[in-house]
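Inspection log for the structure reproduced underneath, given as C-alpha cells.
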Amino acid sequence: MKVVVVGGGVVGLSSALCVKERCPQAELTVVAAEFTPNTTGDGAAGIIQPQLWDVTQEELTWLQWTFDHLSRLYKTEFSSQIGLFCQSGYNVFDREVPDPPWKDIVHGFRHLTGEEAKKFPGYSYGWFTTTLMLECRSYLPWLTQRLKEKGVKFEQRKIASLSEVCSDYDVVINCCGLSARTLLNDQGVKPGRGQIVRVHAPWIKHFLLTHNLSTTYYNSPYIIPGINVVALGGLNQLGDWDEGWREEDEKKIWDGAVEMIPSLKGARVVGKWTGLRPVRERIRLERDTVNDTPVIHNYGHGGYGVTYHWGCALQAAILAAKAMDYIAAKTSSSRVPKSRY
C-alpha cells in the first residue's frame with residue numbers, strides 16, 4: 001500500500017509514525033509545505049493540558065493515550081534530548097470553578113489554599129497539578145529521524161487540493177491543520193493568532209496559567225518554563241491572519257507576566273514567536289473519501305496539538321489500517337474467478 005500523510009507538524013509526523021509502526025509494509029510519504037523548525041508546533045510552549053471543561057469522552061481517551069505514551073518516553077535515558085520533562089504549576093481563576101474532567105489523568109491535582117491563591121493578584125481560586133511538557137523544537141527532529149530510519153520519505157511542497165495526492169496513493173492521512181480551509185473548504189477552521197516572548201529566567205520553576213472566564217483559553221497571562229527558557233504569552237486572537245510581530249501585543253504579554261511575577265521585569269528576552277493555531281469547534285478525526293480514495297482526516301487541534309497528538313495519531317492509524325484492509329480484501333476478491341454455476 002502507498003500511503004501519504006499531508007502535514008509536517010506534530011500531528012502529521014506522529015500520525016506517520018503510528019501508521020508505519022502499525023503497518024510496517026506500507027510505503028509511506030510525508031508531504032508538507034513546511035517542516036521543523038518552521039511549523040506551528042515549533043513555537044508552542046508544549047504543556048500537556050487540554051481545554052478546561054468542554055472535553056468529550058473521546059478527547060479524554062486521546063489525552064490519556066498521549067499522556068501514557070509520553071510517560072513511557074519520560075522514563076528513557078533520552079527524554080531530555082526530545083524536549084520531554086515533568087513540571088508542576090498553577091491554574092488560577094477569579095472565582096471558584098468546577099474541577100476539570102482530566103484531573104485524574106495529570107498528577108497530584110489539588111485545590112490551592114487561600115494563602116496560595118493570594119500570591120496571584122486578581123485571582124482567588126486555583127489548582128496545582130503536575131503534568132508533562134514536550135518541546136517540539138526537539139521532539140519534531142526526533143520524530144523525523146525515526147521516520148527516516150523506517151524508510152519514510154519526505155517531500156516538501158504545497159498542494160492546492162487533496163485530489164493532487166489521491167491519484168498517487170491508496171490512502172491519505174490528512175493532517176493539514178489550518179490549510180483545511182483551502183484544501184477542503186472547511187470554513188469551520190479559523191486561525192487563533194498567538195504571540196510568545198521567550199526570556200532567560202532560570203529562577204522560574206513552575207508554570208502559571210491564568211484564566212479570564214469571559215474569554216477563550218490563552219487570552220490572559222501565562223508563564224511556562226521550558227528546559228532552557230521561559231515562554232510568556234496570553235493571546236488567542238481568533239480569525240486574525242497576521243503573522244507579523246505587534247509591539248502592542250508584546251507590551252500586553254510583558255505587563256501581564258510582570259504583574260503576576262514581578263521578578264520577570266529583569267529577565268532578558270531571548271526569542272519572539274508568532275503563529276496561527278488551527279482552531280476548530282471540534283477536532284476532525286474521521287474517515288472520508290475523496291475521488292474514491294480513503295482519506296483519514298486528523299486536524300483542527302487549535303492550541304492543543306501537543307496535548308492530543310499521540311492519541312489522535314493512534315486513532316488515525318487504526319482508521320488507516322482498516323482502510324488498507326478494505327482495499328486489500330476488495331482487490332483480492334476481484335481476482336477470484338467467478339463461478340460459472
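Under the rule for a ring-ring contact (aromatic ring centres under 6.0 Å, His included), His200 has no partner lying at least two apart in sequence or in another chain. For the ring-ring contact (aromatic ring centres under 6.0 Å, His included) test, residues two or more places apart in sequence or in another chain that qualify with Phe154 are Phe35. Residues passing the ring-ring contact (aromatic ring centres under 6.0 Å, His included) test with Trp310 are His69, sequence neighbours excluded.
The backbone N or O of Gly256 lies less than 3.5 Å from no partner atom in the side chain of Glu259, so there is not a single donor-acceptor pair. Thr210 contributes a side-chain N or O that, together with a main-chain N or O of Pro221, makes up a donor-acceptor pair within less than 3.5 Å. In this structure, Glu116 contributes its side chain and Thr113 its backbone to a donor-acceptor pair below 3.5 Å. Of the possible donor and acceptor atoms, one in the side chain of Arg198 sits under 3.5 Å from a partner among the backbone N and O of Gly43. Between the side chain of Glu27 and the backbone N or O of Met1 there is no donor-acceptor pair closer than 3.5 Å. Judged by distance alone, the side chain of Thr61 and the main-chain N or O of Gln57 form a donor-acceptor pair under 3.5 Å. Judged by distance alone, with hydrogens and angles left aside, the side-chain atoms of Trp102 form a donor-acceptor pair with the main-chain N or O of Gln51 at under 3.5 Å. With hydrogens and angles disregarded, a donor-acceptor distance shorter than 3.5 Å links the side chain of Asp170 to the backbone of Lys2. Side chain of Ser79 to backbone of Lys75: no donor-acceptor contact under 3.5 angstrom is found.
For the residue pair Thr39 and Asp42, a side-chain donor N or O sits within less than 3.5 Å of a side-chain acceptor on the partner.
When all heavy atoms of Thr307 and Gln49 are compared, the pair lying nearest together is OG1-N, 3.1 Å. The nearest pair of heavy atoms linking Leu28 to Ala16 is CD1-O, 3.7 Å. Smallest separation of non-hydrogen atoms from Ala32 and Gly8: CB-N, 3.3 Å. The nearest pair of heavy atoms linking Thr293 to Tyr169 is CG2-O, 3.7 Å.
A cation-pi contact, defined as under 6.0 Å to the ring centre and within 45° of the axis, is absent between Arg277 and Tyr304.
Trp127 and His211 have tilted rings, their planes meeting at an angle from 30° to 60° on a 0 to 90° scale. Aromatic ring orientation, His297 versus Tyr299: perpendicular (interplanar angle above 60°, classes split at 30° and 60°).
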Next item on the list: In sequence, state the C-alpha distance, the side-chain angles, and the governing distance for Gln87 and Thr131, and then conclude on side-chain contact (heavy atoms from CB on, under 4.5 Å).
Entry: CA-CA 6 Å; Gln87 188 172 110; Thr131 189; 5.6 Å; no
Notebook entry, point to check: Is there a ring-ring contact (aromatic ring centres under 6.0 Å, His included) between Phe120 and Tyr90 once you walk through the steps?
Noted result: CA-CA 10 Å; Phe120 308 108; Tyr90 305 87; 5.1 Å; yes
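Around atom CD of Gln187, more than 12 heavy atoms belonging to other residues, nucleotides or ligands sit under 6.0 Å away.
A 4.5 Å side-chain heavy-atom check between Asn298 and Tyr308 finds every atom pair outside the cut-off.
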